[in-house]
**Student:** 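Right, I'll just put the structure down here and ask away after.
First the proteins, then the strands, lettered A, B, ... as listed; each starts at 1.
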Amino acid sequence: MISCYIRQNRSPEAVALYKRMAVEGVCPDDFTLSCVLKAFSDLGLVCDGKKAHGKAVVLGLEVSNVFVGSALVDMYAKLGQMRNAHLVVDRVVEKDVILFTTLVVGYVQNGEDCEAMKAFNQMIKEGVKANEYTFTSLLVSCGNLKHSCLGMLIHGFIIKCGHEFGVSPQTSLLTMYSKCGMVDDALKVFEHLVNPNLVTWTSLIVGLLQNGREEVALSKFCQMMRSSVLPNCFTMSGALVACSNLATLDQGKQIHTIILKLGLHLNKFIGAALIDFYGRCGCVELAKLVYDGLFARDLVLVNTMMYAYAQNGFEHKTLELFQQMNDLGLEPNDVTLVSVLLACDNAGLVDEGRRIFDSFFGYRNIRITKEHYACMVDIYGRAGRLQEAEALINQADNPDIVLWRTLLSACRLHGDITMAGRIFNKVIELSPKDEGSLVLSSNLYASKGDWNQVICVKSLMRENRLKKSPAMSWVIIGGEVHTFMAGNCSQPNFKEIDCIIKELMKKVKELGYVPATEFVLQNLNEKEKERSLYYHSEKLAIAFSLWKTSGKTSCIRIYKNLKVCGDCHAWIKLVTKVVGREIIARDTKRFHHFKDGVCSCKDYW
DNA sequence: ATAGGGTTAG
């Protein structure tokens, strides 16, 4: 009866029945114990579990019966008590492969990967042969430790032992390879599999995401949907992450539809992924809609919503949620601080940001990381308080290249060539091939007209074979991605685009637009500079979208791989007035929502 | 004749 309850996941009833045995004077035996122990770990009943362990000791079953021993090890592992689990293993007289595997699995699931390897070693030393279960679990640790050597060794074992077609070990292999960054090997493992199951497909999709292969991940997702395997929460959150990273709104909405059809929308992992996705696509309203539809308010959901607000120009909403956390009974964590600091950064709330930053040192369970320092440096830097930014970096222990580069970008923004020179030397010392820093310096000198220094930096880049990534904008229309690069007159439809730009130029000039030639960082005369601004990639993308979607009222979304330039920013604001449409631009760091001549960033970015 | 232990995903 107890075993039936366990098999049907009815642990409370199993425990109740077990307790009734004692009352009625029936003594449990090895079958009873090996079965019921699972219920204790399932319900987190540490005391009852230990009492049952005591009973096993009294009956002599702890050492003599490997079934009871394994069940005890599993129980302690699931309760997070690996010390007790290992002690039981050592006491069992006739150890077998399941006993050791349970121990290995326990260490793996408690994140103690090195201990898992040691347990495996102990097993081999005691002459117990591993089987596919053991390999399957051990491979997880190989992946976590990025120990591809051992992983490949186990791959060999698996082939030798004839488990080549077992789905679980193959899935673990696949995961191991993708965690070790060997995503092509992961794909190879997958191609050889005859019957991939749900876990296999999901592992593959997630593995591809972790290696920056979003497009392949999505095509595998479609392939899976066409096969007879039904996706679950794990799969769907993976598919959403792919769309988030690519910021492909339409595709993500399709995924959202599938989620609704499958009834998975109330799951909190899915919820968080949806909020994040809509946030990263610039749709705060939709993110909020998902958020409001979820009953459980856990920390991750609130953090995600806060981040969605912070990157979309609703900084006060982020701070509002931060205030509310206390009332919701939630303790902020390190991720909360990132969102709050980003909000302060985008809103220019320097002192507020510093006050909160300092207050987080008071929380004992939060680790202040370099990422937080980088946010704070950016807050000072963008506000022009460069001295304080530098002081803060010196306060961090072991400041890394990211912190210095952040300060350097502030120097560039505020034209502080003196400080930039000093920081530049530090950066070169730390990491001489940091492309970002070199580009920043080159642009700063160019903006000051110091062409000798520009040549200096550029030749340094050439020596190191570094190339500035060219500015690019793209739009997605009807599921197709259209990419634009500045000044490219030879692209398809250039005539139509040019025509629209000229028309727009005339109208925005009437509204007071003056080409801001100081944003052109090439050594050209005024006329040439103006022409160069004319064909910036964001302008081409917007003109193209207007041409392709003329007559429609929906907003235009453009994406950029760099920050929007100051001239284009002013230009786009006026264009929204001229055409009466909303334009949303995503750059590397945040969104700009342009509407009726103003931008959500309030011109601070 | 009837009962018991361990795998893979965010």
**Student:** For a quick check of understanding: with a heavy-atom distance under 4.0 Å over all strands, which category does Val199(A) fall into, base, sugar-phosphate or nothing?
**Tutor:** base
**Student:** Please report the interatomic distance CD(Gln8(A)) to CD(Glu13(A)), rounded to the nearest 0.5 Å.
**Tutor:**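 Rounded to the nearest 0.5 Å, the CD-CD separation comes out at 9.0 Å.
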**Student:** Grab the NZ-P distance between Lys95(A) and dG5(B) for me, whole Å please.
**Tutor:** 21 Å
**Student:** What I want to check is whether an N or O donor and acceptor connect the side chain of Asp96(A) with the base of dG5(B) at under 3.5 Å.
**Tutor:** yes
**Student:** With sugar-phosphate meaning primed atoms plus P, OP1 and OP2, does Thr102(A) contact a base, only sugar-phosphate, or nothing at under 4.0 Å between heavy atoms?
**Tutor:** sugar-phosphate
**Student:** Consider the side chain of Lys38(A), meaning its heavy atoms from C-beta on, and name the nucleotide among dG5(B), dT8(B), dG10(B) that approaches it most closely.
**Tutor:** dG5(B)
**Student:** Report yes or no: is the ring centroid of Phe67(A) under 5.5 Å from the six-membered base ring centroid of dG5(B), with the two planes under 30 degrees?
**Tutor:**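 By the stated criterion, Phe67(A) and dG5(B) do not stack.
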**Student:** With a cut-off of 6.0 Å (strictly less than), are more than 12 heavy atoms of other residues, nucleotides or ligands near CZ of Phe295(A)?
**Tutor:** no
**Student:** Nearest 0.5 Å, please: how far is CZ in Phe360(A) from OG1 in Thr336(A)?
**Tutor:** 5.5 Å
**Student:** Leu198(A) CG to dG10(B) P: how many Å, rounded?
**Tutor:** 12 Å
**Student:** Nearest to the side chain of Asn65(A), heavy atoms from C-beta on, is which of dA9(B), dG5(B), dG4(B)?
**Tutor:**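 That would be dG4(B).
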**Student:** Between Ser3(A) and dG4(B), is there a side-chain N or O to OP1/OP2 distance below 4.0 Å?
**Tutor:** yes
**Student:** Has Arg7(A) got a side-chain N or O lying under 4.0 Å from the OP1 or OP2 atom of dA3(B)?
**Tutor:** no
**Student:** Side chain of Ser137(A) only, heavy atoms from C-beta on: which candidate in dG10(B), dA9(B), dT7(B) is closest?
**Tutor:** dT7(B)
**Student:** Nearest to the side chain of Val66(A), which nucleotide is it out of dG5(B), dA9(B), dT8(B)?
**Tutor:**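 From the listed options, dG5(B) comes nearest.
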**Student:** Can you check the Phe277(A) CZ to dG10(B) C1' distance for me, whole Å?
**Tutor:** 18 Å
**Student:** Whether Lys220(A) and Glu191(A) form a salt bridge (side-chain N of Lys/Arg under 4.0 Å from carboxylate O of Asp/Glu) is what I want to check.
**Tutor:**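 Looking at Lys220(A) together with Glu191(A), the answer is yes, because their closest N to O distance falls below 4.0 Å.
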**Student:** Looking at dG10(B), dT7(B), dG5(B), which one has an atom nearest to any side-chain atom of Leu99(A)?
**Tutor:** dG5(B)
**Student:** Ignoring hydrogens and angles, are the base of dG4(B) and the side chain of Asp30(A) linked by a donor-acceptor pair under 3.5 Å?
**Tutor:** yes
**Student:** Phe120(A) has an atom CZ; how far is it from atom P of dT7(B), in whole Å?
**Tutor:**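 To the nearest whole Å, that distance equals 17 Å.
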**Student:** Can a donor-acceptor pair under 3.5 Å be found between the side-chain atoms of Thr101(A) and the base atoms of dG6(B)?
**Tutor:** yes
**Student:** Given atom CG of Asn144(A) and atom P of dT8(B), what is their separation to the nearest angstrom?
**Tutor:**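 Taking atom P of dT8(B) as the reference, CG of Asn144(A) is at 11 Å.
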**Student:** Are Phe31(A) and Phe67(A) near enough that their ring centres are under 6.0 Å apart?
**Tutor:** no
**Student:** Using a cut-off of 4.0 Å on non-hydrogen atoms, how would the nucleic acid contact of Val241(A) be classed: base, sugar-phosphate, or nothing?
**Tutor:** nothing
**Student:** Base, sugar-phosphate or nothing for Leu173(A)? Non-hydrogen atoms, less than 4.0 Å.
**Tutor:** nothing
**Student:** Asp298(A) CG to dG10(B) C1': how many Å, rounded?
**Tutor:** 13 Å
**Student:** Side-chain donor or acceptor of Thr136(A) under 3.5 Å from a matching atom on the base of dT7(B)?
**Tutor:**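 Indeed, a donor on one side and an acceptor on the other fall under 3.5 Å apart.
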**Student:** Below the 4.0 Å mark, does dA9(B) have OP1 or OP2 next to a side-chain nitrogen or oxygen of Gln210(A)?
**Tutor:**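 It does not, given that no N or O in the side chain of Gln210(A) lies less than 4.0 Å from OP1 or OP2 of dA9(B).
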**Student:** For the rings on Tyr76(A) and His53(A), is their centre-to-centre separation under 6.0 Å?
**Tutor:**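 They qualify: ring centres under 6.0 Å apart.
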**Student:** Could you check how far NZ of Lys220(A) sits from P of dA9(B), rounded to whole Å?
**Tutor:**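 Computing the Lys220(A):NZ to dA9(B):P distance gives 20 Å.
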**Student:** Is Lys78(A) touching bases, backbone alone, or none of the nucleic acid, heavy atoms closer than 4.0 Å?
**Tutor:**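 Lys78(A): backbone/sugar contact only, no base atoms under 4.0 Å.
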**Student:** dG10(B), dG6(B), dG5(B): which one has an atom nearest the side-chain heavy atoms of Ser70(A)?
**Tutor:**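 For Ser70(A), the side-chain atoms sit closest to dG5(B).
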**Student:** Among the candidates dG4(B), dA9(B), dT8(B), find the nucleotide nearest to the side-chain atoms of Thr202(A).
**Tutor:**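 In terms of side-chain proximity for Thr202(A), the closest of dG4(B), dA9(B), dT8(B) is dA9(B).
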**Student:** Measure from NZ or CZ of Arg297(A) to the centre of the six-membered ring of Tyr291(A) and say whether it is under 6.0 Å with the direction within 45° of the ring axis.
**Tutor:** yes
**Student:** Starting at CG of Asn197(A) and ending at P of dT7(B), how long is that distance when rounded to a whole Å?
**Tutor:**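 The distance from CG of Asn197(A) to P of dT7(B) comes to 16 Å, rounded to the nearest Å.
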